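Have a look at the structure below before the remarks.
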Amino acid sequence: MDLGYHVPVFDIDGGTTAIAGELARLGQAAEASGATWLSFMDHFFQIEPTGLPAESNMLEGYTTLGYLAANTTDIELGLLVTGVTYRHPGLLAKIVTTLDVLSGGRAALGIGAAWYEREHLGLGVPYPALSERFERLEETLQICAQMWDPQNNGPYEGTYYQLAETLCSPQPINQPTVLIGGTGERKTLRLVAQYADACNLIASSPDEVAHKLDVLRRHCDDVGRDFDDIRVTILSGDPMLQPDSIDEFVRGMADYAKLGVDTAIVMPTTGSPASWIDAVAPAVPRLAELG
C-alpha cells in the first residue's frame, strides 16, 4: 500500500508570507518520505469539515499545483477533487495538460460533481441541481478524453457543452490519471467504471469500503471493464495518522490493504505540514509491507 498526502489547510505558521516557502518544503518532504501522491482541495473558501471558518486561508488549486510542480520531481500531483462546475471542460483539459507538461508527466485529473453551495453563490458561480452536475461531469470526462486523443481534434456536441474543436497541443507527456472522488452507488461509481483510472473513497470502515467496491465491481461487469484496472484510493481519517500513532494507523490500514486498496491518503492539518510529514514518514515503508 502506498501513502499519499492531501493538504486542506493553508493557515501556515508565520502567516501569509510564509505559505510559499512552507509549500516548497512540504513538496520536498513528501517526496523524501517516499509518498506517491500529493493533492490539494479545489475550493475558494475553506470548508466546514476541516473545523475552520470559511474565512480561513484558501489557495486556488491548479495554481498551487503548478508551484509544487517546480518544487518536486517525482510525486503525482492532483486535486482531490476538481469541482466540475468551476471550469469549462475544454479549459480544464488544457489546464491539466499544462500541469502535466511542466511537471514532466505527473498530473492527475481528480474530479467530482462539486458540492459547496456557499462558495458558488458567494463568487457567482452557477450551481445547478445535483442531477445536472452529474450530467455535466459525464460530459466533462468525455471532453477530456477527446482532448487527450491526438487523433481526434473534431467537435464535441453535448447537452451542456459544445466544442467546435478539441485541439490540445502539446498533448500531455503522460495521459493524466483520471480519478473520480465520491461514493454514490448509482452515479459516481458507475462513472468510475466507465471513465476513470482511479477512485477515491472515504475510509469510513473496512466493511463500508468493501461494500462500495462490490458495487463498483458490478458496474465494471455492466460496462465490460476489468475492475483490477482501477486504482483504489481512500481518504483516511479513522484511524488518523499522527506522529505518535503510526503503529495504530498501520494496523488500521491492514484491513483496507486486504480489500485491494492501493493508496491511503492522509491529511496534515497543522500550521507546519512539512514538519508533520517528516514526522510521519516512517509509516511509508510500514504500509508498503502490507502489499
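Please read these numbers as outputs of a predicted model, since none were measured by experiment.
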Handout entry: Flag side-chain contact, heavy atom, 4.5 Å: Met147 against Thr97
Key = no
Practice task
Measure the spacing between CG of Leu167 and CG of Asn152 and express it to the nearest 0.5 Å.
Solution key: 11.0 Å
Exercise for the section: May I ask you to test the Ile111-Leu137 pair for a side-chain heavy-atom distance under 4.5 Å? Expected result: yes
Exercise for the section: Give a yes or no on whether the backbone of Cys199 and the side-chain of Thr233 come within a donor-acceptor separation of less than 3.5 Å. Expected result: yes
Practice task
Please determine if Glu248 and Arg286 form a salt bridge, counting it only when a charged side-chain N lies under 4.0 Å from a carboxylate O.
Solution key: no
Problem - Distance (rounded to the nearest 0.5 Å) between Asp278 CG and Leu26 CG - result: 9.5 Å
Exercise for the section: Would you name the heavy atoms of Gly154 and Thr166 that are closest together and state the gap between them? Expected result: O-OG1, 2.9 Å
Handout entry: Worked verdict on Thr82 versus Asp42 for side chain to side chain donor-acceptor pair (under 3.5 Å)
Key = CA-CA 5 Å; Thr82 306; Asp42 192 24; 4.5 Å; no
Exercise for the section: Answer yes if the side chains of Tyr256 and Ser236 hold a donor-acceptor pair under 3.5 Å, and no otherwise. Expected result: no
Handout entry: Asp228/Arg217 ion pair, N-O < 4.0 Å
Key = no
Problem - Distance, nearest 0.5 Å, that separates CG of Leu163 from CD of Glu157 - result: 8.5 Å
Problem - Phe40 with Ile75, same ILVMFWY side-chain cluster at under 4.5 Å - result: yes
Handout entry: Backbone N/O of Val178 and side chain of Asp197: donor-acceptor pair under 3.5 Å
Key = yes
Completion exercise
Taking every heavy atom of Trp37 against every heavy atom of Ser39, the minimum-distance pair comes out as NE1-OG, 2.9 Å
Problem - Linked, directly or transitively: Val101 and Val96 (ILVMFWY side chains, under 4.5 Å) - result: no
Problem - Co-membership, hydrophobic cluster, residues Leu109 and Val81, 4.5 Å side-chain - result: no
Fill in the blank from the handout: When Thr72, Leu23, Leu59 are each screened for side chain to side chain contact (heavy atoms under 4.5 Å, CB included) with Tyr67, the one that passes is Leu23
Handout entry: Pair Arg231 + Glu76, salt bridge at N-O below 4.0 Å
Key = yes
Practice task
Determine whether Met58 and Glu119 make a side-chain contact, defined as any pair of heavy atoms from C-beta on separated by less than 4.5 Å.
Solution key: no
Handout entry: Over all atoms of both residues, closest heavy-atom pair of Asp100 and Asn174
Key = OD2-N, 3.1 Å
Practice task
With rounding to the nearest 0.5 Å, note down the distance linking NZ in Lys187 to CD1 in Ile180.
Solution key: 13.5 Å
Problem - Side-chain donor or acceptor of Ser103 paired with backbone N/O of Leu99 under 3.5 Å - result: yes
Exercise for the section: Identify whether Leu123 and Tyr62 are in the same connected component of the hydrophobic contact network (ILVMFWY, side-chain heavy atoms under 4.5 Å). Expected result: yes
Handout entry: Distance-only side-chain donor-acceptor flag, Glu138 / Tyr195, under 3.5 Å
Key = yes
Practice task
Using the rule that two of Ile, Leu, Val, Met, Phe, Trp, Tyr join whenever any of their side-chain heavy atoms come within less than 4.5 Å, decide whether Leu235 and Val7 are in one cluster.
Solution key: no
Exercise for the section: Specify the closest pair of heavy atoms between Thr85 and Arg133, including all atoms of both residues, with the distance to one decimal. Expected result: CG2-CD, 3.9 Å
Exercise for the section: State whether Asp222 and Arg190 are salt-bridged, where the test is any N-O pair (Lys NZ or Arg NE/NH1/NH2 against Asp/Glu carboxylate O) under 4.0 Å. Expected result: no
Exercise for the section: Kindly compute the distance separating OG1 (Thr263) from CD1 (Ile265), expressed to the nearest 0.5 Å. Expected result: 6.5 Å
Problem - Matching residue for Tyr161 among Arg136, His88, Gln142 - test: side-chain hydrogen bond (donor to acceptor under 3.5 Å, both in side chains) - result: Arg136
Handout entry: Heavy-atom side-chain contact between Met1 and Val261 under 4.5 Å
Key = yes
Exercise for the section: Provide the closest heavy-atom pair for Tyr86 versus His43 in the form atom of the first, atom of the second, distance. Expected result: OH-ND1, 4.3 Å
Practice task
Would you indicate whether Glu48, at its atom CD, is surrounded by more than 12 heavy atoms from other residues, nucleotides or ligands within a distance under 6.0 Å?
Solution key: no
Exercise for the section: May I ask you to check whether His211 and Glu185 show a side-chain donor-acceptor distance below 3.5 Å? Expected result: yes
Problem - Asn57 backbone acceptor or donor facing Asp11 side chain under 3.5 Å - result: yes
Handout entry: For Cys220 against Ile230, the heavy-atom pair lying closest together
Key = SG-CD1, 3.6 Å
